[in-house]
There are 2 protein chains.
Amino acid sequence: MAIGLPACSAHDLGGLPDLVELAIVLTGAVARVAEEHELTPMQGRLLCGLAGQPRRMIDLAQSLGIEKAALTGLVDRAERRGLVERAIVPGDRRAVQVTLTDDGGQAMLAFETGVASALDELLAPLPAKDRSAFRRMASAIVRAARAA
Amino acid sequence: MAIGLPACSAHDLGGLPDLVELAIVLTGAVARVAEEHELTPMQGRLLCGLAGQPRRMIDLAQSLGIEKAALTGLVDRAERRGLVERAIVPGDRRAVQVTLTDDGGQAMLAFETGVASALDELLAPLPAKDRSAFRRMASAIVRAARAA
DNA sequence: TATTGTTATACTCTATAACTATA
DNA sequence: TATAGTTATAGAGTATAACAATA
């Protein structure tokens, strides 16, 4: 499966702010972990969104920030690989629930664990005090961006 | 032009570390700026890589972290849109140099400026002292990742 | 032989528009 | 009418493998 994400990248291209390169480095790390588990990064995100409970298509599309038609394809491919299943929603015959299969649940856990340790490695060069400060500031940025 | 990147995203999906969501937020911000200037994010990166001097295909592919065959397509599309041009390399008839057109140069500057201000906005919620600390730590992480 | 780049092929991810089925 | 989801279509970005031209 050719997953198709820049594996390492972030070699200096000049002109791009370090924050953009940070995004590239982080995204590349996630992509590498996904690939190790034979997932695409987007499939990894999908599986993580299904941890704990089934979700409806419309809900997932919003969470992932993609159109419902794009989600149809994403779920199609994940279903074809045995990671998720579609199920009916009792009480609304228009709706579809997406659930994790056993395989999908295992892949989700492996992906989550792998991502966590890959991120730890990326932050490892920083002093311990900076690491926690960096994570705290990252959370603040994300929260503010979500609110806006 | 349907550019195809999650425009806002980063709504809570649960299970994903904030650092991953940070990458999503940053990537989304870059994508939005690119779209404003009718570029794809990858075209934006390509143009930035060409700021100042022409580069050879092999060199660009390494900088962007993609295979040379993928770069052929990327440059094809950018050339079709009048952003870049292919030129010969004196002294090596196998090689190709990619140069910015006037349009491409203008787009590159507009993209750079837009990205810089989008990043400023993302960091705006942090106290000024944290903003510079965050940028400094981001640079350190990127430098370390590049070295590894 | 090694290097540079292109072509061929196949996937994933994305969007918009049109459609079906249900509420 | 409005909502949930799919289908159809198109395009970007990616990879691998095979190839041509040149060093």
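Convention: sequence-line order gives letters A, B, ...; per-chain numbering from 1.
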Please check this pair: side chain of T27(B) against backbone of I24(B), looking for a donor-acceptor N/O pair closer than 3.5 Å.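 Here the side-chain-to-backbone pair does not exist.
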
Please check if the side chain of T99(B) supplies one atom and the backbone of P54(B) the other of a donor-acceptor pair under 3.5 Å.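 Absent.
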
Euclidean distance, atom [atom1] of residue [X] to atom [atom2] of [N] [Å, nearest integer]:
X	N	atom1	atom2	result
D76(B)	dA8(C)	CG	C1'	13 Å
Q43(A)	dT14(D)	CD	C1'	15 Å
E35(B)	dC13(C)	CD	P	19 Å
R55(A)	dG5(D)	CZ	C1'	17 Å
R77(B)	dA10(D)	CZ	P	17 Å
E79(B)	dG5(C)	CD	C1'	13 Å
E67(A)	dT6(D)	CD	C1'	14 Å
L46(B)	dG13(D)	CG	C1'	13 Å

Flag the pair R136(A) and D18(B) as a salt bridge only when some basic side-chain nitrogen lies within less than 4.0 angstrom of an acidic carboxylate oxygen.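 Looking at R136(A) and D18(B), the cut-off is not met.
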
Side-chain ion pair, R146(A) and E21(B), N-O less than 4.0 Å: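 Salt bridge flag = yes for E21(B) with R146(A).
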
Of the nucleotides dT14(C), dT14(D), dT6(D), which one has an atom closest to the side chain of I66(B)?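 Closest nucleotide among those given: dT14(D).
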
Report the distance from atom CZ of R56(B) to atom CG of L71(B), rounding to the nearest 0.5 Å.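 Going from CZ on R56(B) over to CG on L71(B), the span is 13.0 Å.
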
From CD (Q106(A)) to CG (L109(A)), nearest 0.5 Å: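 Separation between the atoms: 8.0 Å.
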
Distance check: side-chain N/O of R56(A) vs OP1/OP2 of dT3(D), anything under 4.0 Å?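 The answer is no; no side-chain N or O of R56(A) sits under 4.0 Å from OP1 or OP2.
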
T40(B) side-chain N/O to dG13(D) phosphate OP1/OP2 under 4.0 Å: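 Answer yes for this pair, as a side-chain N or O of T40(B) is under 4.0 Å from OP1 or OP2.
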
Produce a footprint string for nucleotides 17-23 of chain C: one letter per nucleotide, 5' end first; B if the base is under 4.0 Å from any protein heavy atom, S if only the sugar-phosphate is, - if neither. B---BBS

Go nucleotide by nucleotide along DNA chain C from the 5' end; which of A95(B) and R80(A) gets its closest nucleotide reached first?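 On the 5' side of the pair lies A95(B).
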
Students often get this wrong, so: under 4.0 angstrom with heavy atoms, is L71(A) touching a base, only sugar-phosphate, or nothing?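 No contact at all - L71(A) keeps every heavy atom at 4.0 Å or more from the nucleic acid.
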
With a 4.5 Å heavy-atom cut-off, do Q97(B) and E85(B) have their side chains touching?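 A side-chain contact under 4.5 Å is absent here.
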
